[in-house]
Every structure is written in C-alpha cells, then in structure tokens.
Protein chains: 2
Amino acid sequence: MSEHKIRNMEEFAALSGLSRPTVSKYFNDPGSVRPTTRKRIEDALERYDFRPNIYAMNQNRSLTKNVGIVVPYLADPFFAEIARIIELRCIEAGFSPILYSAHGEQKLEKEILEGLTALKPAGVFLAPLGRLSDRGAIERFCRDVPTVLFDSNIEDMGEAFVGSDNFSFVQQTVEYLCRTGAPPCFFEMRTPANPNANKRRKAYLQIMDAAGLEPHVIKVDGEGWGFEEIGRRGAHEVIATGRLPTDTVLCSNDRLAIGFLSACYERGLRVGRGDGCAIRVASHDDHPFSRFTCPSLTTAAHEYEAVADKCMNTLFSLIEAGGRFAAREETLIPARLILRASA
Amino acid sequence: MSEHKIRNMEEFAALSGLSRPTVSKYFNDPGSVRPTTRKRIEDALERYDFRPNIYAMNQNRSLTKNVGIVVPYLADPFFAEIARIIELRCIEAGFSPILYSAHGEQKLEKEILEGLTALKPAGVFLAPLGRLSDRGAIERFCRDVPTVLFDSNIEDMGEAFVGSDNFSFVQQTVEYLCRTGAPPCFFEMRTPANPNANKRRKAYLQIMDAAGLEPHVIKVDGEGWGFEEIGRRGAHEVIATGRLPTDTVLCSNDRLAIGFLSACYERGLRVGRGDGCAIRVASHDDHPFSRFTCPSLTTAAHEYEAVADKCMNTLFSLIEAGGRFAAREETLIPARLILRASA
DNA sequence: ATCCTTAATTAACGCGCGTAAAGTTTTTTG
DNA sequence: CAAAAAACTTTACGCGCGTTAATTAAGGAT
C-alpha cells in the first residue's frame, strides 16, 4: 500500500491507467468491465486503497445501496436478535444496512423515518411501534420509500408485511397445555403497544371457545418497555389476591413470562409440569433468554431465520419490481412449539 | 403543507423570499441568521417541508454531524443498553448517531470502520471486539477519525477511553462475599474475548492475595457470544465433577452467571444466602435481566448513565479540540454494588 | 487482413450545496 | 442622524461523481 493519499476518482483512474468513466462503471458494477480492466482496477485498489466519496456518489442517484432497518426498541433482545439476522442478510446481499431504534417513542420513530427518506434507501424494513406510531408519518414514508413491514402489521401500510402467525402461536401453546393439564388463563398487559398482543388474545379467546372451554384473560397494569417488571409485579398481585383461576398460565410474550417466573420464585411457587409443581407457565416468542429462565420456558418460537429470509426476499422482489407491488403481500410464518421445563 | 415538491435549496430560498446562501447558512446554524430571517425560513419550512440533500451537503464538508457508535455484539443486552443511552444522548446533542454491530466478527468490525471513515463523522464511540480486533485496522481508523473508545480498552488507541474500573467491581463483590460468608472462587471463560475479563481475574487474584486468602479460578471452555450457554454447561460440569472448591461463586460477568444459575436450578441446587441454600452466586455488570433471574442476581453494576454521559462529554471536548487530545484521556468509573437474593 | 462487436476514451454537462468576494440593505450604536 | 457593524444579496466557482454522446481502440470471427 502506497503512502500517497488519493483525492478522487480521477486521480485513482490515472494511477490505474484507465479513464474515470470506466472506473466509475466498475464501482457501480464490477462485472460491467472487461476482466482484464477489472483486474487492473482491483490491483490498483490493493495498492492505493481508494474509496469513492459516498456523498458524491449518492448525490445524483435516485436510490442508493442503503437499506434501513427500523425497530421500536432495540434493547429488547427479541428485536436485537431479529435485527441482527436481517442485518447480516443485508450485508451478504451487498447492501449497507443502517439500523435504527425508535426507543419506544413516537417522536423518534417519526424523525427516523423523515431522516431515512432523505437517505434515499433502496428499501426499508420497518417494525413499527404499533399503537404509538404516527400513522400519517408512516403512510407518508411508505409513499416515498419501498417498505417491508415486519413484526407489527399496520393495515395497508407498506408494500408487504412479514410476520408471525399469531393464531398459530397461541393454537400450539393452548393445545399443548390443554392436552397435558388444566386449560390456561391468558396473562397480558392491559394496554399493549403491539398489535400482536391483541391478535394473541383474540386467538386465545377463539380457541378456547372452539374447545368449549371458559377463557380467562388476566390484564395487568404497566406502561413502557419494562415488560419483565410489569409481569413480575402483575404476577405478585394476581397471585396474592387469589385471582389466578387455574394453575396454568399462558403469557402473551416471553418477557412478561420472565417476570412471572421471577415472581413465582420469589413467592416460593414451584413452576413446571412435574410433581410438586404448583403452577405451569408457558409463553410466546422464544426470547433469546427463555432457555435460561428457572425453570426454562416452554414457548412458541418465532422462526427467526425464516422471518429474516422472507423479509430479504420480499425486499429483493420489491426493489426489482421498482418499489411497488401490484397488491400488498402478507406473509405469516407459523410458530414452532418448544417444550421446556416450565409447562 | 403545500402539495408542490421542492427540488433544491434555490427553489426553497425563492419561496421563503431569501437568497440561497442565507438559507444555507441557516441550515448549518439556525442561530447564525437574524431572528426575523430565521422565522421566515421556519415558516416556509412548515409550509413546504423541504430538507437539504444530505449527500450534497456533506460532500464538501470535512466533517459531518454524524456520530458513529460501534459495539462488538448488539444482541448482547449489555451493549444494547449502553448503546441505547449513548444514542439518546447524541440525539439530544443534535448529532445523528449511526449504530453498528460487529456481530462478533473481526471482518465486520474492520469493514464497519472502513465504511465509517468514508462517512466523515464528527466522532465515533468504539467498543472494540477486544482480542479479536484487527489492531492495524483500528489504529488506521483512529488516525482518520476522532475516536472515543469505551467498554474495552486497547492500549494507546483512540484519543480517550471511558470504561469501568474493573478493580472496583471485583473489590466490592469480593469484599462483600468474604464479609458475609466463604471467600469466592472466580468463574470465567477460558479464552475471554474481552480485556475486561482479564482485568477482573487479575483484580480477583490481587484482592484475594492481599487478604491472605487462597484464590481459585475456574475456567470453562466455550467460544462465541453464547455466554449463558457456556456458563450453564460449565457450571454443570464443574459441579458434577466436584471441582467447586467453595460454596461461593463469583462469575466474571452476569451472562455467565445467568447460565450458572440456570444450571443450579436444573440440578436442584438452591442458590442464595439464606438457610437451606447450597451455594451463593454473584457477578458483575448488572445486566438488564439480572433483576429477573431466579434468584435475582447480586452484582456490581455499571453506572450506565454515567458512562454514557462521560462518553458524550469526552467526545464533545474532543470535537472542540479539533479531534486530537494532547494526551490520551482515560476514565474509569467505579461500580455500584447491588445486593439481591443470589448472594 | 477485414469486418464487426464490444469496451474504453475524451469531452462535457449536471447534481445540490458549500463557500468566498463584492456589493447592498438593514440594524445598531454613539 | 450619521457612521459603523451586521446581515443579506448577487455572482461565481468548486466539490466528486454520474452520465451521455461521439470517438477511438481492442479483441474475435470470418
């Protein structure tokens, strides 16, 4: 590598013994130049370590190689995990992923989307806040940028949605719990931010109804993203006041369940399906740490990889289709039941 | 808001009844124009929703308002949490944070740094991979970009380091454990990726030595970022083979401890300091979920907010100083002992 | 060797904005 | 109220690259 710092493509082209338009062509598609010229450029690249100015490159482009990934709260390991896989897929596909977290705030989600529009991304994966989202802002954004919604569906927004089949999640857990013991009550937050929570409750009610069983929905109070603490407090209160109608609890999601298990432990309630267990707890999501709860958590797992792959493939088709689909695509991926020790 | 889409600053300036250079000045510093002019621009902004082209803006700037935040593995809730706070601070300060995860891979860390250089950021917060980092790549990067290292220190890299005082962490846990029961053994990974792990082991050895106690370091095998599983497996093996020299275990970090607790639960070993408890477990980091383990985890907490604030302030001074400090700054923030149920 | 196709070169314009210089207007100050 | 200072306008150039049109060179097939 030479010590001399290269200013621009002109200079680099000269050093590779080529013209700037040819080098420019190479950077936009290395396969578009003759193999021998390509080699010359790549040899020069080894020696001089030149990178085209990103800002100048993108200035006249209508769209870039950037791909936005927007999640509602990145410190939630579920989103961290799904974002991680999507990000890796983007890199493999030659895109530059840019990761954003709305930090649970409407204002930030809006600002992210506005800023992202200005970046002219080739496409965006958006997991919206849900109830807290500014629908107008999202609608405007989706008009300007090819968007694939994931995790939380918002009707008619974006060109496609990739998410989980909440009915399948609840069906599998409820069916399993009913088959192996008492039918479950359903434990959730009173005002969930996420539409999936509502779909899960509805699925629970419908499935219990179809089985001729009486449903019990237990709603606990709490705001924000501290789900574990909300679950823990709620569990303490529900158990202390004897409001638990059965010995089997199905939590809306794993983070609530982690809090629930924590409360059970604190109260000396043994959780699990074996002898001497006072209560069974199951849940949904297969949160990255649900393997390590005490006891380990029986849950319905997202197919993380499948969701990420489907997201990528959908965005690919979308980009190839010029950013618009004739009809909005919806993909719901079913759950995989994971039996562990808690139920 | 008008329907007409504005192409560029010239057009927007005309609509606000001002000249382009004035409007340009406004966007670079809204306070640099007369209040009346500022109002005219902001009124026009309300009506026409214009945003300057980012790429054109940054093309001729030597540095931008971007701030990079690079962490080794974002799906680790510890990094998600610290990144979350730093990101919010950046936004408050008027910067545009860009978040990157190296996903535990040297190659990705290198590529991130190379790409980040091309973005001409005002500054970068870098928590390096540690042992796996490409020192040359980081050194090159720090030459080009004002960098504040955090979490993992690498000698002489970057203009400053903000991290935790590992000695203080271990001192507080060891002191507490010795005061209230048997002196701890130290449980860690055999080949930790992170230099903090090494510092913690050394601190443990030194503190035990100073107290005239015999140290016991237990090293468990395992690669990658699945620390909980490594801790769980290791704990099972250590306990099964009777290699635990005392009933008190100090884990190098909370994620290992979460795995350790999981193994204890699976073996029916009661953890805690009360009667009927077979073992005490403590740890370091105050991982976001350590409150919810069973039992809840006694740990030495990072001052997340303090670390984030110190990072921000350091980067501010660094930017004001033109990107270079006369001498490298090192800030070590002491731990806060958090007594919970596990020890 | 000739023709034909493909690829590279040369020359030139445009993108949207930063920025500097020179001139004009507005505001502040004594 | 005049002078000085500050803010704004006009004009113009430059940044680094995308891109196009016209031209020339290179490589392959007949």
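On a predicted model such as this, the values are computed, not experimentally measured, just so you know. We use all heavy atoms of the structure for the numbers below, so side chains are in, but hydrogens, waters and symmetry mates are not. Chain A is the first sequence line, chain B the second, and so forth, proteins listed ahead of strands; every chain is numbered from 1.
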What's touching nucleotides 28-30 of chain C from the protein side, N or O pairs under 3.5 Å?
none

According to the salt bridge (charged side-chain N to carboxylate O under 4.0 Å, His left out) rule, which pairs have a member within [range], sequence neighbours left out?
range                       : value
residues 68-83 of chain B   : B:Asp76-B:Arg255, B:Glu81-B:Arg84
residues 50-75 of chain B   : none
residues 141-156 of chain A : none

Beyond-backbone contact of A:Thr64 with A:Leu119, side-chain heavy atoms, under 4.5 angstrom
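No, every pair of side-chain atoms sits at 4.5 Å or beyond.
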Calculate the interatomic distance between B:Leu18 atom CG and D:dT9 atom C1'; express it in whole Å.
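Spelled out: CG on B:Leu18 to C1' on D:dT9 is 10 Å.
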Could you give the CG-to-P distance, from B:Asp29 to C:dG18, as a whole number of Å?
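So the CG-P distance, B:Asp29 to C:dG18, works out to 13 Å.
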Who passes salt bridge (Lys or Arg N to Asp or Glu O under 4.0 Å) against B:Glu139, sequence neighbours left out?
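Checked B:Glu139 against salt bridge (Lys or Arg N to Asp or Glu O under 4.0 Å); zero matches.
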Please list all pairs passing the ring-ring contact (aromatic ring centres under 6.0 Å, His included) test where one or both residues lie in residues 66-87 of chain B, with sequence neighbours left out.
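Matches after skipping sequence neighbours: B:Tyr73-B:Trp225, B:Phe78-B:His302, B:Phe78-B:Tyr304.
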What does nucleotides 11-21 of chain D look like as a protein-contact string, B for base, S for sugar-phosphate only, - for none, at under 4.0 angstrom between heavy atoms?
BB-BBBBBB--
Counting only heavy atoms and a strict 4.0 angstrom limit, can you tell me which residues of residues 31-43 of chain B come near DNA chain C?
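Under 4.0 Å from DNA chain C: B:Arg34.
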If a pair satisfies side-chain hydrogen bond (donor to acceptor under 3.5 Å, both in side chains) and one of its residues is in residues 116-138 of chain B, list it, with sequence neighbours excluded.
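For residues 116-138 of chain B, and leaving out neighbouring residues, the side-chain hydrogen bond (donor to acceptor under 3.5 Å, both in side chains) pairs sorted by first residue read B:Glu109-B:Ser133.
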Test: side-chain hydrogen bond (donor to acceptor under 3.5 Å, both in side chains). Region: residues 318-330 of chain B. Which pairs qualify, not counting sequence neighbours?
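Output for this query lists B:Asn153-B:Arg328, B:Asn153-B:Glu330, B:Glu159-B:Arg324, B:Arg328-B:Glu330.
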Test side-chain hydrogen bond (donor to acceptor under 3.5 Å, both in side chains) applied to B:Tyr55 - qualifying residues, sequence neighbours left out:
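Once residues adjacent in sequence are excluded, the partners of B:Tyr55 under the side-chain hydrogen bond (donor to acceptor under 3.5 Å, both in side chains) criterion are A:Asn66.
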Distance-only criterion, 3.5 Å: show the donor-acceptor pairs between side-chain atoms of residues 89-96 of chain B and protein atoms not counting sequence neighbours.
| from | atom 1 | to | atom 2 | distance (Å) |
| --- | --- | --- | --- | --- |
| B:Arg89 | NE | B:Asp309 | OD1 | 2.4 |
| B:Arg89 | NH2 | B:Glu305 | OE1 | 2.6 |
| B:Arg89 | NH2 | B:Asp309 | OD1 | 3.3 |

Measuring to OP1 and OP2 of D:dT9, would you say a side-chain N or O of B:Thr22 lies under 4.0 angstrom away?
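Yes, because at least one side-chain N or O of B:Thr22 sits under 4.0 Å from OP1 or OP2 of D:dT9.
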